[in-house]
Amino acid sequence: MLAFDGQPLWFQALDDFTDSFVTVACPHCDAPVTIAIGDYGCYSSIRDWNLGDVHQVPLRPAIPDELTGTGRMLHETAVRDGQQRLAWGLTHLFGKAECPGCGSVFGIADEYAATNAPAPWDFARGHIKDAS
């Protein structure tokens, strides 16, 4: 449904939120920030492959009534369809995180989209002959 609605990015990020991890770049210091949403907690951290997730900072989930756009549509659909765990995870994915490195607060979904959004595709371009 999301891909046909012109939003292929989000169907890749959605799962059952039991053990979800995404990495985004902090928009202020460019540090790679790991976002965890699931049974192990809901936090931002700096991932160290030897030590694990260090300096965990709790996420700030969105308030469902304040969600807008894609986040609102996804949350309302999850609630309507009785998918409580998905609805819960979406409030975190569309919430805010604090960078453990510099302390700045940013929108998780905004930074995920900035990092992972597919390049726009011009379907007509393949059908247009070069005039030169």
Side-chain angles (χ1 to χ4, degrees):
M1 179 175 89
L2 289 169
F4 286 116
D5 193 32
Q7 302 179 54
L9 170 71
W10 295 112
F11 80 86
Q12 297 171 356
L14 301 178
D15 63 13
D16 61 3
F17 290 114
T18 57
D19 191 17
S20 300
F21 295 91
V22 297
T23 301
V24 298
C26 172
H28 297 85
C29 72
D30 207 35
V33 178
T34 297
I35 305 295
I37 303 172
D39 294 340
Y40 294 105
C42 298
Y43 57 83
S44 60
S45 68
I46 301 297
R47 179 159 284 177
D48 180 293
W49 293 108
N50 295 316
L51 302 174
D53 291 340
V54 295
H55 193 73
Q56 297 178 8
V57 180
L59 297 181
R60 302 172 186 183
I63 297 169
D65 291 339
E66 295 177 6
L67 287 167
T68 60
T70 301
R72 183 180 196 90
M73 183 270 300
L74 290 171
H75 187 268
E76 286 176 350
T77 302
V79 169
R80 180 197 70 203
D81 293 347
Q83 300 295 318
Q84 289 83 12
R85 181 68 175 208
L86 179 58
W88 169 84
L90 288 166
T91 63
H92 289 81
L93 182 63
F94 285 87
K96 299 206 180 285
E98 180 179 326
C99 175
C102 71
S104 65
V105 176
F106 57 88
I108 298 165
D110 294 337
E111 296 313 312
Y112 180 79
T115 302
N116 297 291
W121 180 260
D122 184 355
F123 290 101
R125 186 172 183 89
H127 302 289
I128 299 173
K129 292 190 176 204
D130 190 0
S132 54

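To the nearest 0.5 Å, atom OH of residue Tyr112 and atom CG of residue Leu93 are 8.0 Å apart. Residue Glu111 holds its CD atom at 12.5 Å from OG of Ser44, rounded to the nearest 0.5 Å.
Considering only residues two or more places apart in sequence or on other chains, His75 meets the ring-ring contact (aromatic ring centres under 6.0 Å, His included) condition with none of them.
Looking at Trp88 and Cys42, their side chains come closer than 4.5 Å, going by heavy atoms from C-beta outward.
For the side-chain hydrogen bond (donor to acceptor under 3.5 Å, both in side chains) condition, the pairs that include at least one residue of residues 78-87, sequence neighbours left out, are Asp39-Arg85.
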For residues 48-56, please give each side-chain donor-acceptor pair under 3.5 Å, one per line with the distance, not counting sequence neighbours.
| unit_1 | atom_1 | unit_2 | atom_2 | d |
| --- | --- | --- | --- | --- |
| Asp48 | OD1 | Asn50 | N | 2.7 |
| Asp48 | OD1 | Leu51 | N | 2.8 |
| Asp53 | OD1 | Arg47 | NE | 2.8 |
| Asp53 | OD1 | Arg47 | NH2 | 3.2 |
| Asp53 | OD2 | Tyr43 | OH | 2.6 |
| Asp53 | OD2 | Arg47 | NH2 | 3.2 |
| Gln56 | NE2 | Asp53 | O | 3.4 |

Show every donor-acceptor pair shorter than 3.5 Å between a side-chain atom in residues 22-38 and any protein atom, with sequence neighbours excluded, or say none if there are none.
| unit_1 | atom_1 | unit_2 | atom_2 | d |
| --- | --- | --- | --- | --- |
| His28 | ND1 | Ser104 | OG | 3.0 |

Less than 3.5 Å apart, which donor and acceptor atoms pair up between the side chains of residues 57-65 and the rest of the protein, not counting sequence neighbours?
| unit_1 | atom_1 | unit_2 | atom_2 | d |
| --- | --- | --- | --- | --- |
| Arg60 | NH2 | Glu98 | OE1 | 3.2 |

>> Show, in sequence, the C-alpha distance, side-chain angles and deciding distance for Tyr40 and Asp19, and conclude whether the side-chain contact (heavy atoms from CB on, under 4.5 Å) test is met.
In response: CA-CA 7 Å; Tyr40 294 105; Asp19 191 17; 3.5 Å; yes

